[in-house]
Every structure is written in structure tokens, then in C-alpha cells.
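Here is the structure we will look at.
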Amino acid sequence: MKILLSGYHNPHYLTVTEYIERAVRCLGHKLIVFNDRDHLIPGRMREGCKPLHSLSLLAINRRLLKLAERTQPDLIVVTGGHRITRSGLRKLNQAGFRVVLWTTDPPKASDLMLGTAHDYRHVFCQGTEYVEALKNRGVMEPRWLPMASDPEVHRRVSLLPEEQLRYGSDIVFVGSYYACRAESMEPLVGFGVSIWGPGWEHLPAGSPLKPYIRGAHTPPETWLKIYCASKIVLSIHARGPEGRFPMY
């Protein structure tokens, strides 16, 4: 099968996009890669200027359509869906392409795909909270499709004693700061929790979590050391449609 995968390539480290690409190739499919964050207009110019942002999205969607027309994939998989517009999807559908969505982030009210999900052939969600949010919007049969591990990347590593001391903890969370994540972790204060990731310097003054911030940006090779050195690893998305905090 020939699969066109639309996703984001972070220039600093591997993301889920590269893991999916490798899995597709390992399954024997022909892969066509499209970077959907290759904006025509830099972010600093698009911020606060809706017409410029819309123009940049239009260019991205036009490039996706042209790539599909040139390569004629059997299936187009859109990961995230943050930059693929309803107009772009309808043109792909009109051209006869099968397009599916695989959401990767918890839903926010401003997410583009909350309005475009109806235009995909099928919708798959990394988190169950997105399944509920899309069902509430009338999307037919969104399905939960959680992420898996990549054995070449997500594996046990040997640690030196000083690395065990530096990275180890009883409970650990690695991820960006969101107020809802902080709220869900506050009850863990006193249980040996450690927090790694960007943005946690924005914690409100007086937050009980401040003493437990261990580091900011961490590359994947550091994640491995943190996970292998710790007893319990948390995965926290965001507040779900019923006010819950999914935690795994």
C-alpha cells in the first residue's frame, strides 16, 4: 500500500511522527512524507494576524493536495490535524482520496479538527477524552487508537550510579506545563514526585510543586534515563469533556 503521512517533524528531536513513519516502512508499505508545519509565513509574523495565518494554512493545504495528486497514495493519514483545513479536506475528498485522522493531543476548544473531523473517512484518537469530545460534536464512530512503543527507541538502558541518583524518583512526569496538569499533580506532593519538561517556570507563585521541578527541555535520550531510573511514570493529558484528568 502507498501511504501519504502528514505530520510534524521537530528539528530538535524525534517525535511520534518519525516513530509512525518507521512503523509504516517496517510493515512493508511505501511511505510518502508531508511536513504540515512548513509554514509559508514565519510564526512571529502570523501571531496576532489572522489573515496571514489563513494564507499560510492555504499554502500548506495546496501543497498537500498537489503532493497527493502527483503521488496518488492509497491512503492519506493526517496526524494531529491542526493545520489541515475543511476546504483542503474537501478538495482531497473530491479528488477521490481516502483521508483519515489520527489525533495526537488532548482537545482544546480552538482546535481546528473539532470542526473538520466530519470530513475524514475515519477518525482515530490517541486519548479517550478526544473520543468523547468528538462524539459530543456528532462525529460518527471516532475510535481510540493509543500509541505504542518503538523497541528501537523505547528500551531499558544501563545507568551509572550517579545517573540513577540524578534522574531517579519514586514518581515522575515528563512533559510541558499546563495548569490542569499542575492541578492533577498537586496531591502527589510528598510522595517523591519529580517533574521534567518545558514551561514549568510559569507555575503560580506559591505552588507546592515548585520544589519538585527537576529540569526543562529534555531530549529523548534523557527521557530514557529518567524513565528507567524511576519507579512510577505518569502520563497526563488534559481536562476531559466531563472535567476529569486522564492519568495513566
Side-chain angles (χ1 to χ4, degrees), residues 1 3-37 75 77-82 100-107 113 122-132 142-160 163-164 166-178 181 184-185 188 192-199 214-238 240 244-248:
M1 181 181 289
I3 299 175
L4 194 165
L5 182 68
S6 172
Y8 167 58
H9 289 86
N10 191 308
H12 304 294
Y13 51 79
L14 294 178
T15 65
V16 67
T17 303
E18 286 87 354
Y19 303 148
I20 297 172
E21 290 172 0
R22 183 156 49 202
V24 169
R25 291 190 177 103
C26 288
L27 289 170
H29 301 295
K30 182 175 181 180
L31 179 67
I32 305 157
V33 174
F34 179 74
N35 186 355
D36 70 5
R37 203 179 287 191
L75 179 68
V77 179
V78 175
T79 60
H82 299 284
V100 302
L101 171 67
W102 192 5
T103 66
T104 52
D105 294 315
M113 75 290 299
H122 297 287
V123 177
F124 303 95
C125 307
Q126 176 183 347
T128 54
E129 72 279 12
Y130 226 144
V131 173
E132 296 177 55
R143 302 177 184 180
W144 181 43
L145 183 61
M147 297 294 176
S149 63
D150 185 332
E152 294 185 22
V153 179
H154 310 109
R155 65 191 191 281
R156 285 199 169 275
V157 295
S158 299
L159 300 175
L160 298 172
E163 291 178 319
Q164 179 67 44
R166 179 180 178 185
Y167 298 115
S169 60
D170 290 336
I171 305 173
V172 70
F173 173 76
V174 181
S176 300
Y177 166 75
Y178 295 109
R181 285 177 169 173
S184 66
M185 281 192 286
L188 300 177
V193 67
S194 294
I195 301 170
W196 301 75
R214 298 276 292 274
H217 292 279
T218 53
E221 55 268 24
T222 303
W223 300 349
L224 284 178
K225 294 179 180 180
I226 295 171
Y227 294 154
C228 290
S230 301
K231 295 178 181 178
I232 300 173
V233 178
L234 300 178
S235 175
I236 307 170
H237 281 197
R244 300 192 304 270
F245 294 97
M247 184 183 298
Y248 310 101

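Just so it is clear, the structure is predicted and the values come from calculations on it, not from any experiment.
- Just one residue in the list Leu31, Ile3, Ile20 forms a side-chain contact (heavy atoms from CB on, under 4.5 Å) with Arg25, and that residue is Leu31.
- Ile171 pairs in a side-chain contact (heavy atoms from CB on, under 4.5 Å) with only one of the listed residues (Val233, Ile195, Leu234), which is Leu234.
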Report task. Kindly determine whether Ser176 and Arg181 satisfy side chain to side chain contact (heavy atoms under 4.5 Å, CB included), including the steps that lead there. Result -> CA-CA 9 Å; Ser176 300; Arg181 285 177 169 173; 4.1 Å; yes
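- Scanning both residues, Arg155 and Glu152, for their nearest heavy atoms gives NH1-O, 3.2 Å.
- Looking at Thr17, its side chain does come within 3.5 Å of a backbone N or O of Tyr8 through a donor-acceptor pair.
- Ser194 approaches Ser169 most closely through the heavy-atom pair OG-CB, 3.2 Å.
- The aromatic rings of Tyr19 and His154 sit perpendicular to each other, their planes meeting at more than 60°, with 30° as the lower class boundary.
- Under the side-chain contact (heavy atoms from CB on, under 4.5 Å) criterion, Leu27 pairs with His29, not counting sequence neighbours.
- In the model, Thr128 has no side-chain atom that pairs as donor or acceptor with a side-chain atom of Trp144 under 3.5 Å.
- Within the model, atoms CG of Leu224 and CG of Leu159 stand 9.5 Å from one another, a figure rounded to the nearest 0.5 Å.
- Remark: side-chain polar atoms of Ser6 are not paired, donor with acceptor, to backbone N or O of Thr79 under 3.5 angstrom.
- Interatomic distance, Lys225 NZ to Ser158 OG, rounded to the nearest 0.5 Å: 11.0 Å.
- To the nearest 0.5 Å, atoms CE (Met113) and CH2 (Trp102) are separated by 14.5 Å.
- No more than 12 heavy atoms of other residues, nucleotides or ligands lie within 6.0 Å of CZ in Arg166, so this atom counts as exposed by the packing criterion.
- In this structure, Val157 and Cys228 approach most closely via the heavy-atom pair N-SG, 3.5 Å.
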Requested in this report: Start with the C-alpha distance between Val33 and Asn35, add both sets of side-chain angles, then the distance that settles side chain to side chain contact (heavy atoms under 4.5 Å, CB included), and finish with yes or no.
Outcome: CA-CA 7 Å; Val33 174; Asn35 186 355; 5.8 Å; no
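- Considering CH2 of Trp196 and OG1 of Thr222, their distance stands at 7.5 Å, rounded to 0.5 Å.
- In this structure, His217 and Pro198 approach most closely via the heavy-atom pair CE1-CB, 3.3 Å.
- Distance CD1/Ile32 to CD/Glu21: 12.0 Å, rounded to 0.5 Å.
- Remark: Leu101 CG to Phe124 CZ distance equals 9.5 Å, nearest 0.5 Å.
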Query raised in the report: Would Tyr167 and Val172 count as a side chain to side chain contact (heavy atoms under 4.5 Å, CB included) if you check the C-alpha gap in whole Å, the side-chain angles of each, and the deciding distance to 0.1 Å?
Result: CA-CA 9 Å; Tyr167 298 115; Val172 70; over 6 Å; no
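- Side-chain contact between Val174 and Tyr227: present, with at least one pair of heavy atoms (C-beta onward) separated by less than 4.5 Å.
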